[in-house]
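Just below is one structure, and these are the notes that go with it.
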Amino acid sequence: MGEQRDSGETPHRGPVRPASADAGGDGSAGGGGRAQAAYDGGRAGAAYGGGAAGPSRSGRAAEVVSRSVLEDVLAGAVREVKPDEVAEGRAVAAFTAARDAGAHRARTRRRDDWRPREKRRTARSLKATLSVFLASLTLGGVAVAAIGAVDGQDRAGESGGHRTPSAVASTPDRAGTGVSGSAPATPAPADRPDTAQDTEAHCRAYEKVAGHGQALDSTAWQRLITAAGGATNVGAYCAARLDDTTATDAPGNSGSQGNAPKDTGGNADKNSGKGKSGKQ
Amino acid sequence: MGQGAEPRRVQAYDGELGAAVARAQQGDEAAFAAAYRLVQPGLLGYLRGLVGGDAEDVASDAWLEIARDLGRFKGDGAGFRGWTATIARHRALDHLRRQKVRPRSAALEQDVLELAGPHSTHDQALESLSTEYALALVRGLPRDQAEAVLLRVVVGLDGPAAARVLGKRPGAVRTAAYRGLKRLAEQLGPAEGVTDDDPRTLGEST
């Protein structure tokens, strides 16, 4: 295929003449022949994607012909490469030197990773995983961080929700430290009675936080406990509060925990749990 | 049109290339030489289109780096071609940058272009169009088009790999390759007498 239209010699400075394939490219072992087979036939005009295929099919035949000719010719550039023993020897020497110096034990950088597809899949799934993780933090942690963030806020639900992503990101399951951490951080005004929304948020978060000792020390918790009339009453108090609102579906995780306040509530637990599910 | 043919052939050698690279990474010298022979032609063709006469020098630099960093590479044969093309490209860009300081004689390019001009029929073009001439034309393209064409056609990378080498989106590379080829075709001059010919005929004239 290449014989017809061949080309000048490999040395670029040589005259360019329509000679038949020069001896080097012809049947010489190794590089030349193999390269030809490997890279032959650059007639993949349409392989360049829809952009190329569209116009060519619309009838610019001359152009298509020229392009495929061109591709063949360009692919011929590889056919012309005469095996250069000297250059090869130099490269192999560099390889040996590097190998013996232990350079080949170096780690793979991102730019060195050319593994097919599964690498891309990993990158994509990493992002997916990360976003799901953050989403679940947000959902589960909204209530938790809302306890801290709510203080000094006018509205519990909305702004608490908006503010949480940053606060929450650092508090996966360390709800205790997170809450007690954020509580002092939030401007805690002088005594402001909980708004109704505050209390609901607190109640929902209670389920999350119950069991994490430190969390219950925060100011917000203290308010809740006071409002409920004691720690043991929180469960029932919350049940009553939450039932009063239309939105009984607690966000994400709280709901999945079965709407049952955890152990710390003690006596009130079972009753409140049942009461809640009954209402639903 | 046989567009599937090229990738299939390349892939056949990619298997061999991948195996050679893996053995070389274990220390096998002969395997490294085999990988060199498989990769160098494409690399050199790419570099000729980028830097012209200094392609061999740039390729040498590239192979030093390839040989040194071989242990870092992870991937198959096709990936190796992409990885080596990236290294070669960096060396080429360094070279071009240095050259801006020391202007290279443009006379050489002109000689090449004059010796084998475009012809009006594609048969004649086939006969007399030299690779050197074509590469000289490619060098005259805007660089993004030149690179897209070279990586796809000469190095034989697929769309995503070429895009990665260039650090661009695949769509942009596709467009650049198309435009580059189109412009090259225009520079070759209209090919008369082929208006209604089925391009497939040409494609299959192996």
Side-chain angles (χ1 to χ4, degrees), chain A residues 1 4-5 7-8 12 15-16 18 30-31 34-35 37-49 51-52 61-71 73-78 80-81 83 87-88 90-92 94-96 98-99 103-109 112-116, chain B residues 1-3 5-6 9-10 13 25 27 29 32-33 36-37 41-42 44-45 48 53 60 63-64 67-68 70-76 79 82-83 112 115-116 122 125-135 153-154 156 174-175 177-178 181 184-185 188 190-191 194-195 199 202-203 206:
Chain A
M1 188 199 91
Q4 289 299 346
R5 53 174 143 67
S7 47
H12 50 278
V16 162
R34 251 201 228 136
Y39 296 105
D40 206 353
R43 50 186 92 86
Y48 293 115
E63 193 180 289
V64 171
V65 164
S66 291
R67 271 212 299 279
S68 60
V69 166
L70 204 47
E71 287 153 23
V73 169
L74 284 174
V78 297
E80 292 203 328
V81 174
E88 180 179 320
R90 238 183 288 132
V92 174
F95 162 82
T96 311
R99 176 196 65 192
H104 294 170
R105 285 196 286 270
R107 68 172 185 91
T108 299
R109 300 161 298 196
D112 303 309
D113 190 342
W114 282 76
R115 282 173 297 180
Chain B
M1 199 180 169
Q3 70 226 32
E6 181 192 329
R9 262 176 251 146
V10 165
Y13 285 98
Q25 286 180 318
E29 229 170 82
F32 180 79
Y36 176 94
R37 287 194 290 270
L44 211 49
R48 288 232 177 87
S60 271
W63 277 106
L64 290 183
R68 186 193 71 212
L70 190 69
R72 297 188 192 263
F73 168 75
K74 263 204 183 87
D76 58 3
W83 183 68
V112 173
L115 280 170
H122 87 277
L126 279 173
E127 283 169 13
S128 65
L129 181 66
S130 72
T131 309
E132 282 306 319
Y133 177 62
L135 288 174
V153 178
V154 172
R174 215 167 30 233
T175 304
Y178 173 70
L181 285 170
L184 289 173
L188 282 177
V194 289
T195 47
L202 179 71
T206 308

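- For A:Arg107, the parts lying under 4.5 angstrom from a heavy atom of chain B are both the backbone and the side chain.
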Requested in this report: Given side chain to side chain contact (heavy atoms under 4.5 Å, CB included), test A:Val92 with B:Tyr36 step by step and report yes or no.
Outcome: CA-CA 8 Å; A:Val92 174; B:Tyr36 176 94; 5.7 Å; no

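- Between the NE2 atom in A:His104 and the CZ atom in A:Arg99 there is a gap of 8.5 Å [rounded to 0.5 Å].
- Heavy-atom distances place the side chain of B:Phe32, and not its backbone, under 4.5 Å from chain A.
- The contact between A:Ala98 and chain B is made entirely by side chain atoms (from C-beta outward), counting heavy-atom distances below 4.5 Å.
- In terms of modelled atom types and a separation under 3.5 Å, the side chain of A:Thr108 and the main chain of B:Arg72 share a donor-acceptor contact.
- Side-chain contact between B:Phe73 and B:Gln25 is present, with at least one heavy-atom pair separated by less than 4.5 Å.
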